[in-house]
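Okay, structure first, notes after.
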Amino acid sequence: MSTEYNNPLFFFIPSSIDYSSVISFQLFFGALLTIAVFGFWVAPGGLAWALSNANANAQSKTAIPGPSGLPIVGLLFAFTGSLTHRVLAKLTQSFHAVRLMAFSVGFTRFIISSHPETAKEILNSSDFADRPIKESAYELLFHRAMGFAPFGDYWRNLRRISATHLFCPKRIASFGAFRSEIGAKMIDEIKGSMGLRGEVEIKKVLHFGSLNNVMMSVFGRSYDFYKNGVSENDGHELEELVSEGYELLGIFNWSDHFPVLGWLDLQGVRKRCRNLVSKVNVFVGKIIEEHRRRRVNGVLRDDQSAGDFVDVLLELEKEDRLNDSDMIAVLWEMIFRGTDTVAILLEWILARMVLHPDIQSKAQSEIDNVVGTSRPVSDADLPNLPYLQSIVKETLRMHPPGPLLSWARLAIQDVHIGQNFIPAGTTAMVNMWAITHDEKIWSEPNEFKPERFMKEDVSIMGSDLRLAPFGSGRRVCPGKAMGMATVQLWFAQLLQSFKWVPSDNGVDLSERLKLSLEMKKPLICKALPRGFIA
Ligand code: HEM
């Protein structure tokens, strides 16, 4: 093949000119390209914004402020670290862009708001009711599950079905006894660990409890804690599948922002996703088949799994019915979403209890006054425990499991936010962590003070954007009531049964943002028996 054909500039070079001219031309073209890239790069918001022409065309008074980041890669560095929410919060301050900041990561255009009013405008607008789909989410088939399904009839149908059958108050209440049973099992597990090691690594216990809880309402199944037997193997296999999925969705994947790298699968994300999907298909497919067999044999509703979410999906009328692959995606997502968020939040709450013994003992006195020490605390007691609820709220404020609301939104069409033009396809984020740590909104935002919520009852369910850890608007977390019911009951049970004190390791509040905001160093502490012991 001639050198001409190997030359990327071949199409621009007339065949009659000599080789030295070609080199000069290449240099000239290279310089032009560099200037263009440099020009694009220094545009407010960086390369992806400049390419869209949205900020470039806008007059400077309406251009969204924001950093250009590094050439080509933009703000990549903010996403490869584990404190993205903090890095972005700092940048919005220094660019005076709290309401709205523009930035680029590779070829992806972003906006981010760290202000309650603008955040509400974004989250409550149907123009932002889509989600950007990462390659890992697509490969894990999550575009067919509720969280990533495009805004439309399929998604609406999934929300309606799950609101009616999985997340309705009656159903959440009907699982109260089971939640409490798991709470009691966790207490046993903690006692066992204290007996063996004199301390407990609480996340493991909470994670397994949480997995069991979601498994029961979705699949009608539960697993024994660390006992021998089939259940144990299945339970641990499931834990591994969930952890691998979490890891894959949390990875910053270069090809999401540099499409040209897509086919290379440099980080092996696609390969790992496909491997995981085939395992999940076998695991969940087996459970669906068991449900089908039971229905054929007419034993439905006579056993423990009566009316779980698999049954609901199998009973759907023809026009609503999901095929097996979609059903697996929907069921898997529920397990996936419901497990870690609850365990992570409870770990932060207990870390705070170990660090603040005065707050802990005040909450324990509240439980003792309302419940006494002769019976275990139950769902019915929770409305009478306002201080305990304030502790949960304060922890959600200081350590929101989704500081950037976990999964972003996508502009479905061209839209304006105030004066600012946002082109279709822009990824929109809300920095809830920045809002909950803003001293213009919260007094002493870095102090853990549950009392603030005894003075002012702030709703956390999405209507007040000063504290919306479950998001807001059409895509607000559908599992928020179930999540809160679980967290409050288990917290009450754990406080009633134990006094939480530090181990020799102390408590390290360092954070690590993966898919959720976790404690970087797992909490290891001591749980000393007190109050009602099951
Ligand atoms: C402490 C517990 C939880 C927290 C902090 C939490 C947080 C969130 C957040 C921030 C969102 C994004 C909302 C938005 O875009 O406005 C979300 C979405 C979602 N959550 Fe939760 N969540 C929790 C528990 C649960 C549970 C227990 C389930 C189910 C078993 C669940 C299922 C979902 C689903 C399916 C979505 C996607 C909804 C959609 O896109 O339509 N979450 N969650």
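For the numbers below, each heavy atom of this structure counts, side chains included, while hydrogens, waters and symmetry mates do not. Both ligands and their constituent atoms are indexed starting at 1 by order of listing.
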Any idea which protein heavy atom is nearest [atom], and the distance to it?
atom                    : answer
atom 13 (C) of ligand 1 : R475 O, 3.2 Å
atom 24 (C) of ligand 1 : T341 OG1, 3.5 Å
atom 33 (C) of ligand 1 : P478 CD, 3.6 Å
atom 17 (C) of ligand 1 : C477 CB, 3.5 Å
atom 3 (C) of ligand 1  : F470 CE2, 3.4 Å

Please tell me if the side chains of [X] and [Y] come closer than 4.5 Å, counting only heavy atoms from C-beta onward.
X    : Y    : value
L495 : L385 : no
H257 : L76  : no
M353 : I359 : yes

Contacting atoms of ligand 1, where contact means under 4.0 angstrom from a heavy atom of [X]:
X    : value
S472 : 16 (O)
F167 : 29 (C), 30 (C)
G479 : 26 (C), 27 (C), 28 (C), 31 (C)
G338 : 26 (C), 27 (C), 28 (C), 30 (C)
R337 : 17 (C), 18 (C), 19 (C), 20 (N), 31 (C), 32 (C), 33 (C), 34 (C), 36 (C), 37 (C)
M334 : 30 (C)
E333 : 35 (C)
R409 : 14 (C), 15 (O), 16 (O)

Exercise. Any luck finding a side-chain donor-acceptor pair between T436 and R397 under 3.5 Å?
Worked result: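 No, no side-chain donor-acceptor pair sits under 3.5 Å.
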Problem set entry | Test item: side-chain donor near acceptor, S472 and N124, under 3.5 Å |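 Judged by distance alone, the side chains do pair up.
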Look only at the side chain of [X] and the backbone of [Y], and say whether a donor-acceptor pair between them is shorter than 3.5 Å.
X    : Y    : answer
N431 : H85  : yes
E201 : P522 : no
R131 : W407 : yes
E135 : S255 : no
R272 : E244 : no
W490 : S210 : no

Problem set entry | N or O contact, K480 vs ligand 1, cut-off under 3.5 Å |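 No, no N or O pair falls under 3.5 Å.
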Within reach of ligand 1, part of [X] (heavy-atom separation under 4.0 Å):
X    : result
R159 : side chain
R474 : neither
F148 : neither
M432 : neither
P401 : side chain
R131 : side chain

For this session: For V487 and ligand 1, answer yes if some heavy atom of the residue is under 4.0 Å from a ligand atom, otherwise no.
Result: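 Outside the 4.0 Å threshold, so no.
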For this session: Decide if atom OH of Y138 counts as having more than 12 heavy atoms of other residues, nucleotides or ligands within a radius under 6.0 Å.
Result: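 No, OH of Y138 has 12 or fewer neighbouring heavy atoms, counting only those of other groups under 6.0 Å.
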Exercise. Rounded to the nearest 0.5 Å, what separation is found between the OG atom of S113 and the CE atom of M101?
Worked result: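 It is 10.5 Å, given to the nearest 0.5 Å.
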Problem set entry | Closest to atom 10 (C) of ligand 1 (judged by heavy-atom distance), picking from P469, A468, G402 |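 The nearest heavy atom belongs to P469.
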